[in-house]
Amino acid sequence: MTFLSRFVPRKPRTVTPVLAAMLAGLLGAGAPALAKAPAKVPTKTPAVRAASAAGPWLYRGSDVPQDKAWVFGVLPNGLRYAVRRNGVPPGQVSVRMLIDAGSLYETDPQRGYAHLIEHLTFRDSKYLKAGEAIPAWQRLGATFGSDTNAETSPTQTVYKLDIPDVSPAKLDETFRLLSGMITAPIFTDIGVKTEVPIVLAEMRERSGPQTRIVDGTRAVFFAGQPLGSRSPIGTEETLNAATPAKVKAFHDAWYRPDNAVIVVAGDADPQALIARIKQWFGAWKGAKLPGGKRPPHPDFGAPKAPVGGDPANPVGEAKVMVEPDLPRVFNYAVLRPWHQVHDTIVYNQGLMIDRLGIAIINRRLEGRARSGGSYLSASVESQRISRSADATLVTVTPLTDDWKAAAKDVRAVIADALATPPSEEEIAREVAEFDVAFKVPVETQETLAGSKLAEDITDAVDIRETVANPDTVYGIFRSSIPLFTPASVLEHTRALFKGTVVRSVLITPSAADGTEADLRSVLLAPVAPSSGSRLAASSLSFKDLPPIGEPGKIVSAESAGLLGIERIELANGVRALLWSNDAEPGRVIVRVHFGGGYAVIDPRDAVYASLGETALMDTGFGNVGREDLDRLATGRKLSLDFDIQDTSFKMSADTRSADLADQLYLFAAKLAVPRWDANPVVRAQAAARLAYEATNASAASVLQRDVRWLLKDGDPRYALPNPAELAKASPDGFRRVWSALLKQGPVEVDIFGDFKREETVAALERTFGALPARDPLPATGFAPRVPAPVGDPLTLTHHGDANTAAGLVAWPTGGGNAGLHEARQLELLAQVFNNRLFDAMREKIGASYAPQVSSTWPLDLPSGGYFAATTQLRPGDLTAFFAATDKIATDLATTPPTADEIARVTEPMKQLITRASTGNGFYMFQLEGGAFAPEKFSQIRSILADYSQIAPERLQLLARRYLVADKAWRMQVVPGK
């Protein structure tokens, strides 16, 4: 991947949770994004300069124009840095410290040490003694886990700090503490003995079928290479054998200034940032190494051709992985050696042609699946993975148990792409998609957060390539369009499916499905090209669509009394909130709330709630089906997101001013003239069935599947439907349920962002103003409640690893808008509780990696709120978890939290709100429903005070009121027998 990759559109496709987990585990970091620059849209590529060994270190060997917003430099000790000013969000500085070493740099006895060092670095260092790091960053306003974190990949370790409300003093403290962590961590026996159980807990929480699939697939695809056996988490054997001296040896070898990069983007003077880098990292020398020589970077190897294989189709290693709880997935990879590239404009133009060919194949695959293919979903992707292989990956999720037929159908589609050039129309369609994907970053670049910009640089260093600003990228793309010919696309597509070796994996619940020889036979068998997969040439535009109806009129328009937000009512009763502003240039957020949500769905029709979230928008409207929707969206920024809330349904889109009127048409047409294609419902049933079967695979997935409906006292509307319930559903039933729900209840349209007010009002009149009168909502008296505790914890079972379990404790609280202030304060209590539970379960006994405490208070329902603590752990530690939650609840009710505990939760929350409130999404979320509930506008004024100003005695009172021992409802998920 390179600096262009992030902007090539990749349409979302139906995938199973297993597939998503596998891809996340296999594929490397994403390509760098583009940086802030003037918002003009160039029409010509920037002048090409000769590739050179001079200039900023990131651009050496490249002719890609430098992003001038970044200031690059190298300290005398070899430490590279990149800094830039960025004011998104205001007052924040984002720091990324990259060590160019990950799990591929470990020797066999060191497996897991790169990641273990990440943990130990936060535990004890020159300026932060044992246990001080988390509280120290919290006092600076940084939330642990989101604002302060680190991650280890096969090729790098990155430490991440997002510090809000910066001042000179905060900057000094940030760089001082970080320098101590990186250059002078303290490795002690007690530190290693404390952190190893935490890492093992993390390993347990990630264990199970998905992890086995990731590890097993990696072992096949990268057979004979270090990546095949180098998961960053390590092994129990090597971790339990860790000592301070062993860990220090790895740190000494790779934590050196010449092997590190520090990146800073934020609301500060770049020269002031550089001065602090020099002050705190300039004297860093790194440890003295044996023999005085730096270790060479390891050889990551290369894919090897199969012995005696056919060079034209070198099918090699294959593996059948039997996982009884997981759906069938067939994957194969065409693998080539990874080589260092020169990140030039020509190279990127070649990648664009690659992506164009892949996009055409994926569109054909999706079209065939929609029209009744033998697979639920299939996709092709190209990746350069962990400096170990250049790969083309093919993934197939069969619709039935006949995976061979599904694989044959997918290969036939690919064979057609390899045999015959694509049509001009197909190319034009994908180029239009590319155009909007490249143009939107130009229009919205002023909204790009400093944290993302900083990570773009660390990603670029990792993949040994560059970054560029959106204007540069768009200019290169526009100038490259003449290169996108049928012949060039065919040539590049053929190259993508040529490699050193082809390797495959079948994930299946049944060993009877086949053998490794069957996998190889499927890939070796000749397949006839399927020209029928090509989509017919046709065009469709919004001009071809009929009007919704007679345009309505605005009957009232008034100021909401906050930030220039306007409240509008149309003659048919539709209401809207409009806020035109330039806080996020180029971006418009649209939310449409209608109907009655879960509250009005008949519990006997609960299965159609889940299917509706997946299939409703895909069933189309009027004469427009799913393929027509795609054609309408070509070259546009349009979306059709849908979800169900307690008391309303919600359609959502992130769009831009140029597409806003058409986005409103799509949403209004869905309400006015819904279409009822059967195939999206059938596909949604198949996907839901596969997804449900996978939920038994681990304690965490069972907990996630069942906790929501169980905490609603078993209300089936909140449950994930099981296969028996799905089998009873039908497209006719789907239509019966949703045709009624789409007609019911009030409609509110919220539009916040960079749009023209008069044009938007006119579009509202033509679309939502033209809707017919709405049916009234039925009276339901819906008032969910947390079930009463009955003796021992409710026990569920999972089919996963025997050493994993999950636990939950929930106390009922309340609901309703009148309790909003108390609801906010309960969230602070939850964070205090979380800090104590984190210390008890993770720090003291290493039983859990990341226990979580949260408070849920439904504002639109009179009841149903709860305060809950959850965790994953060993079955034998469940007793300790329940005891710890009881003790913490009792202690909080008995004694107020300390002032320091209050500061550690209120300061990060204050900074979180302050940062979030600079974007439209924050106000959209807080004010949704405000067109019918004007009190929301007064309630938002108190949000900062509610979350940042609270007396310890108030939290004690809340604990006494709600964390009552005999009201605690408990649940545990343990291994099945």
Side-chain angles (χ1 to χ4, degrees), residues 79 95-134 137 144-145 148-161 177-203 206 226 230-262 281 284-290 294-295 297-298 386 458 461-462 842-843 846 849:
L79 176 69
V95 184
R96 299 295 182 266
M97 189 82 197
L98 179 152
I99 303 299
D100 200 22
S103 59
L104 292 181
Y105 289 68
E106 300 162 349
T107 63
D108 281 342
Q110 293 175 330
R111 290 179 62 178
Y113 283 17
H115 175 247
L116 177 60
I117 286 174
E118 169 201 314
H119 280 247
L120 292 168
T121 296
F122 273 95
R123 169 158 295 280
D124 200 348
S125 58
K126 183 176 182 179
Y127 303 114
L128 287 168
K129 301 308 178 186
E132 292 181 356
I134 293 173
W137 296 117
F144 181 72
T148 59
N149 209 337
E151 61 181 29
T152 303
S153 76
T155 50
Q156 66 175 0
T157 304
V158 181
Y159 297 85
K160 304 179 179 183
L161 301 174
L177 297 181
L178 179 62
S179 72
M181 290 169 57
I182 300 300
T183 70
I186 299 172
F187 303 128
T188 64
D189 284 331
I190 191 170
V192 172
K193 289 178 181 178
T194 301
E195 282 300 329
V196 165
I198 294 172
V199 174
L200 293 176
E202 182 180 359
M203 182 187 294
R206 296 179 180 180
R230 283 289 186 273
S231 171
I233 198 69
T235 70
E236 285 193 48
E237 180 183 5
T238 54
L239 289 169
N240 282 324
T243 65
K246 293 177 181 179
V247 172
K248 186 175 183 300
F250 184 89
H251 187 277
D252 288 350
W254 301 112
Y255 278 64
R256 310 187 312 266
D258 59 294
N259 199 47
V261 176
I262 186 167
F281 290 93
W284 182 21
K285 296 186 183 338
K288 291 184 179 180
L289 299 172
R294 295 173 295 185
H297 283 256
S386 300
T458 62
V461 173
D462 188 35
R842 171 173 160 145
E843 296 296 308
Y849 174 62

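All figures in this text were calculated on a predicted structure; none of them were measured in a lab. FYI, the numbering just counts along the sequence from 1. Excluded from the calculations below are hydrogen atoms, water molecules and symmetry mates; all remaining heavy atoms, backbone and side chain alike, are included.
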Could you list the residues that satisfy side-chain hydrogen bond (donor to acceptor under 3.5 Å, both in side chains) with [X], not counting sequence neighbours?
X      : result
Tyr113 : none
Tyr159 : Thr121, Tyr255
Thr235 : Thr238
Asp100 : Arg387, Arg464

Checklist entry - Should the heavy atoms of other residues, nucleotides or ligands under 6.0 Å from CG of Leu289 be counted, would the total exceed 12? => result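 Yes.
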
Please identify each residue that fulfils salt bridge (charged side-chain N to carboxylate O under 4.0 Å, His left out) with [X], with sequence neighbours left out.
X      : value
Arg123 : Glu195, Glu843
Glu236 : none
Asp258 : Arg256, Arg294
Arg230 : Asp108

Checklist entry - Which residues satisfy the ring-ring contact (aromatic ring centres under 6.0 Å, His included) test with Phe187, sequence neighbours excluded? => result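 Phe187: ring-ring contact (aromatic ring centres under 6.0 Å, His included) contacts with His251.
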
Item to check | Partner set under ring-ring contact (aromatic ring centres under 6.0 Å, His included) for Tyr849, not counting sequence neighbours | outcome: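 None.
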
Next on the checklist: Which heavy atom of Ala133 sits nearest to which heavy atom of Phe122, and what is that distance?
Outcome noted: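 Looking at all heavy atoms of both residues, the closest pair is CB-O, 2.9 Å.
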
Checklist entry - What closest approach, in Å, do Trp254 and Pro298 show between heavy atoms, and which atom pair accounts for it? => result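 Smallest interatomic distance, heavy atoms only, reads CH2-CD, 4.0 Å.
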
Checklist entry - Can any side-chain N or O of Asp462 pair as donor or acceptor with the backbone N or O of Thr458 at less than 3.5 Å? => result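 Answer holds: no.
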
Item to check | Flag side-chain contact, heavy atom, 4.5 Å: Pro185 against Leu120 | outcome: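 In short, these two side chains do not touch, never coming nearer than 4.5 Å.
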
Next on the checklist: A side-chain contact here means heavy atoms from C-beta on lying under 4.5 Å apart; do Trp284 and Ile182 qualify?
Outcome noted: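 A side-chain contact exists here, since the closest heavy-atom pair is under 4.5 Å.
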
Next on the checklist: Using side chain to side chain contact (heavy atoms under 4.5 Å, CB included), reason through Ile233 and Val199 one step at a time and then give a plain yes or no.
Outcome noted: CA-CA 8 Å; Ile233 198 69; Val199 174; 4.1 Å; yes

Item to check | Atom pair CD1/CG of Ile134 and Leu128 - distance to nearest 0.5 Å | outcome: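 The CD1 atom of Ile134 sits 11.0 Å away from the CG atom of Leu128.
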
Checklist entry - side chain to side chain contact (heavy atoms under 4.5 Å, CB included) between Met97 and Leu79: does it pass, once the steps are laid out? => result CA-CA 11 Å; Met97 189 82 197; Leu79 176 69; 4.0 Å; yes

Next on the checklist: Using side chain to side chain contact (heavy atoms under 4.5 Å, CB included), reason through Asp124 and Lys129 one step at a time and then give a plain yes or no.
Outcome noted: CA-CA 5 Å; Asp124 200 348; Lys129 301 308 178 186; 4.0 Å; yes

Checklist entry - What residues, two or more places apart in sequence or in another chain, satisfy side-chain contact (heavy atoms from CB on, under 4.5 Å) together with Thr152? => result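 Scan of Thr152 (side-chain contact (heavy atoms from CB on, under 4.5 Å), adjacent residues dropped) gives Ala114, His115, Glu118, Thr157, Pro232.
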
Item to check | Residue pairs passing the side chain to side chain donor-acceptor pair (under 3.5 Å) test where at least one lies in residues 180-194, sequence neighbours excluded | outcome: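 For residues 180-194: none.
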
